[in-house]
Every structure is written in structure tokens, then in C-alpha cells.
Number of protein chains: 2
Amino acid sequence: MIDSSPVPNRPKAAPRPSSLSGGHPLPEGRDHYTISEVAEVTGLSAHTLRWYERIGLMPHVDRSHTGQRRFRNRDLDWLALVGKLRLTGMPVADMVRYAELVREGEHTFEARQELLEATRRDVRARIEELRDTLAVLDYKIDLYADARRASERF
Amino acid sequence: MIDSSPVPNRPKAAPRPSSLSGGHPLPEGRDHYTISEVAEVTGLSAHTLRWYERIGLMPHVDRSHTGQRRFRNRDLDWLALVGKLRLTGMPVADMVRYAELVREGEHTFEARQELLEATRRDVRARIEELRDTLAVLDYKIDLYADARRASERF
DNA sequence: TAGAACCCTGGAGTGCACTCGAAGCAAGCG
DNA sequence: CGCTTGCTTCGAGTGCACTCCAGGGTTCTA
């Protein structure tokens, strides 16, 4: 709900961070998938997947001998992470930056860690904001409940 | 961070839902403010405030004898609520719907309560999502920390 | 009373994140 | 063999939430 129409039919929940290291509920234990299969499991459209690749948000997807994309499990893992980052409201441009760091190799570990820590701070702050908001909603809802109860009684 | 550049310099925190019923830290205890004063305290731009009014998100703002807006404390209270709802990611169109219900009078109490309860459910779900995301971030950050510690040791 | 600073309106423009269309190639099926 | 489905690219279109502009009126300060 946080942005216009995100993840129309997102898979219901990844129970553990283990979804980052294999274990997708997919057709079979293959390690290559067509774009429509990936669209199916990620809830993203094929258009969006191609667009992700175009803007540099995917770390190089394999192609079949006829040029069609063949996504692999590591791509799905990456998309799972991207999905999480997107939930935090991180702009796509920042995710692209992170993807660039990954492409640049291991000497960017520190920068990546800092980026994730900054994101974690944002997420924590956001949760606090939402808790405040929840308090306001509770307060308002109680007001309406009281008002309606009062008007029924008389 | 959740949308592009929201609330650039939002006032730091309303300690209680009491911010919904008076108690604004404003110039003095007046009950009319110019648009730029309201922009100052809400963190919204004057443009945005006029736009809110145009689309029906403000419940009728008073005007001076020359036609300039004179916001009152109840307008600030309303904007505080709108700010909270906006933090939940509620689309502006839904907030407009809520504003319409308010304008329609007391017979919409039930509808308003339902709308707020639906929003509350969304906020709770969102908090859960963010907690999941936090777990993933913790996991990833630990991975980087371990990797960097290991590379230092050898 | 002049000038700066502020406010008005309607409408156009911006940035983000998709989302779709057009034109064409390739594979599987009855 | 034709049909359907799915894939490719590039570029244009969409919806949201602002954000800004032009051209003019108003209010405050020196």
C-alpha cells in the first residue's frame, strides 16, 4: 500500500531469511527459469523484470542460445532482496547503486555494509513512525466508538 | 524516505495524540495563520496546501476580507491527522474520501470508523513486513561483518 | 509612500516507478 | 502449415503526488 500499486500479488511470506539462500517453491529444482516463470514467483511483471535489467538493477542475467533470458536461482535470491529493500521504500536509484557495488567486487564490502546499515536505521525509524500513527488511529477509532455507543444509548 | 521527498523538515514528534486537540508550538496562541506559517509548522509547501484544498482534502479554509487563506487551529489538527495517514501510505484519494465523509456529517461515523479500522489493519501489516525486512537486513549486515572480520584476520 | 515580501489563481511541468504498444523472431502443437 | 504463446527491443504512455510558473493583487516595514 505504500506506493501506488506495488507487487500486485506478492507471494504471501518468506518465513526466514533463508529465502535468500535457496529454497524457492518453484516448478522443479531446476536452475533456469523463463521470464514468465520469474514473474509468477516474484509477483513482478515481465515488463518490470526487463526494466530492472535495463536500469542496472540485475547483476547480469544469462541468455539462451536464441537470446531469451534464463534466470537462475541466484537471480531469484537477488530479486527477493530487492523486494525487501523496495518494501522499505528505498528508491530504485539507491538499489541500483547497491547493485553496482556488488558488481564492483569484494572491495566494496564496507560500502555495502554501510548502505545496509543506513537502510536499517531508516526502517527502524519508519517502524517507530508507524507505531505513533497506530496510536493516533486507536485514539480516533475509540472516539468514534464512544460517540456511536452514546448515540445508541439515548 | 518512503516517498520521494516527503515532509522535508517535519516537526520532530508529537508526543501524544493530544496533538489532535490543540497544543501547537506556534507563534502565539492565535487562531488564524497565513499559509506560510502553516507551511512552516507542517513541513508542507504552500503549493501543497493550496493543492490539498483544491482536491477537497481540506474541510473549507476561512478567507480574509481580501481572499487570503486564514488557517485555524482545527485546520492544523486536520493537517496533523492527514500527515499521519500519509505516513501510512494511504493514497490521497482515500484521504479525500475520508474528508468527504467528515463534510457529510455525523451520520457517516460508522463509515469513518470502518475506514480508520481498515487503515489500522494495513499499518499493522506494514509493521510486520518491515520487521521481516529488518531481519533480512540484520542477516545481510552480519554476513558482511563476518566477511570483513575474516579478511582482516588473515 | 515606496519597495520588499507575501499571497492569489489556473494551468503546466516534474520525477518516480512502472506499464504498455508495436514490430518482429522463435518454439511447440494439431 | 498455420496458430498460439512467448520472447526480443525501443520508445512512448500512465498515475500519483506534488511542484512550479505567469501575471497580478495585498500587506508589512522603513
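Here is how names work: the chains are called A, B, and so on, in the same order as the sequence lines, proteins then strands, and each is numbered from 1. We use all heavy atoms of the structure for the numbers below, so side chains are in, but hydrogens, waters and symmetry mates are not.
Atom CG in A:Asp94 sits 11.0 Å away from atom CG in A:Leu57 (nearest 0.5 Å).
Checked for salt-bridge contact, B:Arg149 and B:Asp146 meet the test: a charged N lies under 4.0 Å from a carboxylate O.
Between the two ends of the helix from C:dT1-D:dA30 to C:dG30-D:dC1, each summarised by a five-pair axis, the helix axis turns through 10° (rounded to 10 degrees).
Listed by residue number, B:Arg50, B:Arg54 are the residues of residues 49-59 of chain B with a heavy-atom contact under 4.0 Å to DNA chain C. Contact check of residues 60-68 of chain B against DNA chain C (heavy atom, cut-off under 4.0 Å) returns B:Arg63, B:Gly67, B:Gln68.
With sequence neighbours excluded, the residues forming a ring-ring contact (aromatic ring centres under 6.0 Å, His included) with A:Tyr144 are B:Phe109, listed by chain and number. Applying the side chain to side chain contact (heavy atoms under 4.5 Å, CB included) criterion to A:Thr108, with sequence neighbours excluded, gives A:Leu101, A:Glu104, A:Arg112. Under the side chain to side chain contact (heavy atoms under 4.5 Å, CB included) criterion, A:Glu110 pairs with A:Glu114, B:Arg148, not counting sequence neighbours. Under the rule for a salt bridge (Lys or Arg N to Asp or Glu O under 4.0 Å), the partners of A:Asp138 that lie at least two apart in sequence or sit in another chain are B:Arg120. Annotation: side chain to side chain contact (heavy atoms under 4.5 Å, CB included) contacts of B:His32 (sequence neighbours excluded): B:Arg70. A search for salt bridge (Lys or Arg N to Asp or Glu O under 4.0 Å) contacts involving A:Arg131 returns A:Glu128, not counting sequence neighbours. B:Arg121 meets the salt bridge (Lys or Arg N to Asp or Glu O under 4.0 Å) test with no other residue; sequence neighbours excluded. Among residues two or more places apart in sequence or in another chain, the side chain to side chain contact (heavy atoms under 4.5 Å, CB included) test is passed with A:Arg50 by A:Ile35, A:Ala46, A:His47, A:Arg69.
The interatomic distance linking A:Leu87 (CG) with C:dA17 (P) rounds to 14 Å, in whole Å. Straight-line distance from the NE2 atom of B:His47 to the P atom of C:dT14: 14 Å, rounded to whole Å. The interatomic distance linking A:Leu79 (CG) with C:dC18 (P) rounds to 12 Å, in whole Å. One can place NE2 of B:His32 at 15 Å from C1' of C:dC7, the figure rounded to the nearest angstrom.
Contacts of B:Thr34 with the nucleic acid, taken as non-hydrogen atoms under 4.0 Å apart, involve only primed sugar atoms and P, OP1 or OP2.
Here B:Thr48 does not reach the OP1 or OP2 of D:dA17: none of its side-chain N or O atoms lies under 4.0 Å away.
Of the listed nucleotides (C:dC18, D:dC7, C:dA17), C:dC18 has the atom at the smallest distance from the side chain of A:Arg86. With C:dA17, D:dC18, C:dT9 as the candidates, the nucleotide lying closest to the side chain of B:Arg69 is C:dT9.
Heavy-atom distances to DNA chain C give each of A:Val92 and B:Arg70 a nearest nucleotide, and the one nearer the 5′ end belongs to B:Arg70.
Applying the side chain to side chain donor-acceptor pair (under 3.5 Å) rule to pairs touching residues 54-66 of chain B yields B:Glu53-B:Arg63, B:Ser64-B:Thr66, sequence neighbours excluded.
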